[in-house]
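Take a look at the structure below.
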Amino acid sequence: MRLKTNAAAVVALLGTLQTSIACAAEHEVSILDYKYSPAVVEIRAGDTVIWVNHEKRTSHSVLFEASGEESERFFPGEKWSRTFPQAGRFEYRCGPHPEMKGAVVVGE
């Protein structure tokens, strides 16, 4: 009898994990002509944003000034990603090009 109870708990837990994994999404932000596009991306908690450098010769980074977190510079054809586990507004800019600005808005 105890084995059935544990098996049911495992099945319920797996279902919850699959639902959480299935709900997470990836969102792309393109970098081209010294701009992030889209400049503001709205996502849900648990989603991942992937920044892709489409420039011809310039490297960029993603710098979150509020936390001080900055990606390494990534070059044309390279990408960098970050998962956002909680709600909030996360403004960022390019480290070497401070005129480039964007934001990730994370809903619940």
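Just so you know, residue 1 is the first one in the sequence shown, and it goes up from there. No hydrogens, no waters, no symmetry mates; every other heavy atom, side chains included, goes into these values. Note that the structure is a prediction, hence the values are computed from the model and not measured.
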*Working to the nearest 0.5 Å, report the span between OG1 of Thr83 and CD of Glu26.*
8.0 Å
*State, with a plain yes or no, whether a side-chain heavy atom of Phe74 is found less than 4.5 Å away from one of Val52.*
no
*Step by step, work out the side-chain hydrogen bond (donor to acceptor under 3.5 Å, both in side chains) result for Glu70 and Ser61.*
CA-CA 7 Å; Glu70 183 174 10; Ser61 72; 2.7 Å; yes
*Other residues, nucleotides, ligands: >12 heavy atoms within 6.0 Å of Glu42 CD*: no
*Work out which heavy atom in Val106 is nearest to a heavy atom in Arg44; give both atom names and the distance.*
CG1-C, 3.7 Å
*Output the distance between atom CD1 (Ile31) and atom NE2 (His54), rounded to the nearest 0.5 Å.*
8.5 Å
_Side-chain heavy-atom pair Asn53, Trp80 within 4.5 angstrom cut-off_ = no
*Nearest atoms (heavy-atom pairs only) where Ala87 meets Ala45*: N-CB, 4.5 Å
*Starting at CZ of Phe90, measure out to OG of Ser67 and round the result to the nearest 0.5 Å.*
8.5 Å
*Tyr36 with Phe84, same ILVMFWY side-chain cluster at under 4.5 Å*: yes
*asked:* To the closest 0.5 Å, what do you measure between CD (Glu99) and SG (Cys94)?
replied: 7.5 Å
*Is any side-chain heavy atom of Arg73 less than 4.5 Å from a side-chain heavy atom of Pro96?*
yes
*Taking C-beta and beyond as the side chain, do Ile50 and Val29 meet within less than 4.5 Å on heavy atoms?*
no
*Quick one: pull up CG in Leu63 and CE in Met100 and give me the separation to the nearest 0.5 Å.*
11.5 Å
*Excluding sequence neighbours, so at least two apart, what forms salt bridge (Lys or Arg N to Asp or Glu O under 4.0 Å) with Glu69?*
Arg82
*asked:* Is there a side-chain contact between Glu65 and Arg93 in this structure, where contact means two heavy atoms from C-beta onward sitting under 4.5 Å apart?
replied: yes
*Do His60 and Tyr34 pass the ring pair (Phe, Tyr, Trp, His ring centres under 6.0 Å) test, and can you show the C-alpha distance, the side-chain angles, and the key distance before you say yes or no?*
CA-CA 9 Å; His60 294 287; Tyr34 291 85; 5.5 Å; yes
*Of all heavy-atom pairs between Pro76 and Glu55, which one has the smallest distance, and what is that distance?*
CB-O, 3.0 Å
*Find out whether Val105 and Val41 are in side-chain contact, i.e. whether some heavy atom of one side chain is under 4.5 Å from a heavy atom of the other.*
no
*Locate the shortest heavy-atom distance separating Tyr92 from Pro38; write the atom from each residue and the value.*
OH-O, 4.4 Å
_Whether the side chain of Asp47 engages the backbone of Ala25 through a donor-acceptor N/O pair (distance < 3.5 Å, no angle test) should be reported._
yes
*Do Glu91 side-chain atoms and Gly102 backbone N/O form a donor-acceptor pair below 3.5 Å?*
no
